[in-house]
Amino acid sequence: MWSFETDPEFQSQLDWMRTFVDERVVPIEALRPDREEFAALIVPLQEVVKERGLWAAHLAPDLGGAGFGQLKLGLMHEIIGRCAVAPYVFGNQAPDAGNSEILARHATAEQRERWLVPLLEGRVRSSYAMTEPGAGADPTLLATRATEVSGGWRLDGHKWFITNASAADFMIVMAVSDPDAGPHERASQFIVPTGAPGLRVVREIGTLEDSRPEWGRLENHAEVVLDGVLVGADAMLGERGQGFRIAQERLGPGRIHHCMRWIGQASRALDLLCERALSRYSHGSLLADKQSVQNWIAESWADLHAARLMTLHAAWTIDRYGVRAARTEISAIKFRGAQMLHDVIDRAIQVHGALGLTTDLPLQDMYRRARSARIYDGPDEVHRQTVARNVLKTHKAR
């Protein structure tokens, strides 16, 4: 049975988080600091989060996390998602959070000591190199090869849209190690230092989010070439041929976190929409008195509430039955949440008029990210197909 209650102790943490994020983290957005300034600003805030026991909450306590399940994490991420800076303050920013989860589950003791510990301490950054120009939504089409050589592996391939590639200290690279195996047993994952000979970050890719990216900026996306990159046998993460399974472990809960952060972004946009409607007088009345604006508010609230309940139910299903049991729910919230995010922000921009298009408000930045959300972690069409296939399995033709 699923309960809608949150225990009072955890609710007090959520209440504190909401105030902390809105009053101490959100103001950093307006400063637009460079990477060094950003680090200096967030370190004191990170210490406060650690004192509250909320640092890297997605990991087990023995790894410095809180060991929360997906439902509690979902509620946390709803608040963290209100501000793009907040994930760094709470130690669960992408792609580091997802990488830390699979390192925690599959890394050897030596790999954990070398890569996971400094990652959790914020001393290094990471990247996840899976996507390729010819294999975006379908990882079974990966062409990057891992060839076994004396003492280890040689990696050759071309990766694309790799987040943090120019800022990372190491990458987790997915490559085909067993080309003759089944489509889901062909690939393995390898930990590769970004300074390894033959590993080249070709360029930062300008995107809808940032058309003029700066080298080394966090959350940029890059094109990467691996040309005869040699790694030792100890570089393999997890078992040989299990790269696809590990990737699914990483992406499933990660999509829950994305969707809850979208709830937070949409909630902030709805706040801005309502505040504008109650303060802007035009054509004889407040905007809040006009039927079109009232419709926008009602639709936004309903869309947001529905997406929130769907996402929390998916998180509860993972906690209760595991990631595989929640595949339909995860795919459903991915495309429904992304569309909701776009629509709520779009309405908020419209009610602000020209002001909504300016950098005086965060809406224009939120809008660009919202459009990207329909492609990241698998395009909407792939997730709709997954939902349809799984639903059809529960029916028979008559």
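The analysis underlying the following values was restricted to heavy atoms, covering all of them including side chains, and did not include hydrogens, waters or symmetry mates. In this chain, residues are counted from 1 in sequence order.
Judged purely by distance below 3.5 Å, without hydrogens or angles, the side chains of Q350 and D346 never pair a donor atom with an acceptor atom. Between the side chains of H257 and N92, no donor N or O sits under 3.5 Å from an acceptor N or O. For E132 and T144, the side-chain atoms include at least one donor-acceptor pair closer than 3.5 Å. No donor-acceptor contact under 3.5 angstrom links the side chains of T131 and K159, judged on distance only. Between the side chains of S188 and R240, no donor-acceptor pair is found at a separation under 3.5 Å. Using modelled atom types, one finds a donor on one side chain and an acceptor on the other under 3.5 Å when comparing S372 with E209. Looking only at atom types and distance, the side chain of E249 has a donor-acceptor partner in the side chain of H106 under 3.5 Å away.
The distance between the ring centers of H383 and F335 does not fall below 6.0 angstrom. The ring of H77 has its center no closer than 6.0 angstrom to the ring center of F68. A centroid separation of 6.0 Å or more is found between the aromatic rings of W55 and F90.
A 4.5 Å side-chain heavy-atom check between V201 and W215 finds at least one atom pair inside the cut-off.
Dense packing is recorded around CZ of R368, with more than 12 heavy atoms of other residues, nucleotides or ligands lying under 6.0 Å away.
Using a cut-off of 4.0 Å between Lys/Arg side-chain N and Asp/Glu carboxylate O, R369 and D210 are scored as not salt-bridged. Look at K334 and D377 and you find no salt bridge, because none of the NZ, NE, NH1 or NH2 atoms lies under 4.0 Å from a carboxylate O. At a threshold of 4.0 Å, the pair R268-E29 counts as salt-bridged, since one of the basic side-chain nitrogens sits closer than that to a carboxylate oxygen. A salt bridge between E110 and R114 is absent, with no side-chain N of the basic residue lying under 4.0 Å from a carboxylate O of the acidic one. A salt bridge links D271 to R18: one of the charged nitrogens lies within less than 4.0 Å of a carboxylate oxygen. Classification of R308 and E78 as a salt-bridged pair holds, one side-chain N sitting under 4.0 Å from a carboxylate O.
Considering all non-hydrogen atoms of both residues, M171 and A129 come closest at SD-CB, 4.2 Å. Closest non-hydrogen pair, C83 versus P87, comes out as O-CD, 3.4 Å.
Following chains of ILVMFWY side-chain contacts shorter than 4.5 Å, one cannot reach L226 starting from I172, and the two form parts of different hydrophobic clusters.
Aromatic ring orientation, F170 versus W115: tilted (interplanar angle from 30° to 60°).
Here the options are R336, R374, R371, the test is salt bridge (charged side-chain N to carboxylate O under 4.0 Å, His left out), and the partner is D380; only R374 passes. Checking each of N99, N164, D96 against R125 for a side chain to side chain donor-acceptor pair (under 3.5 Å) leaves exactly one that passes, namely D96.
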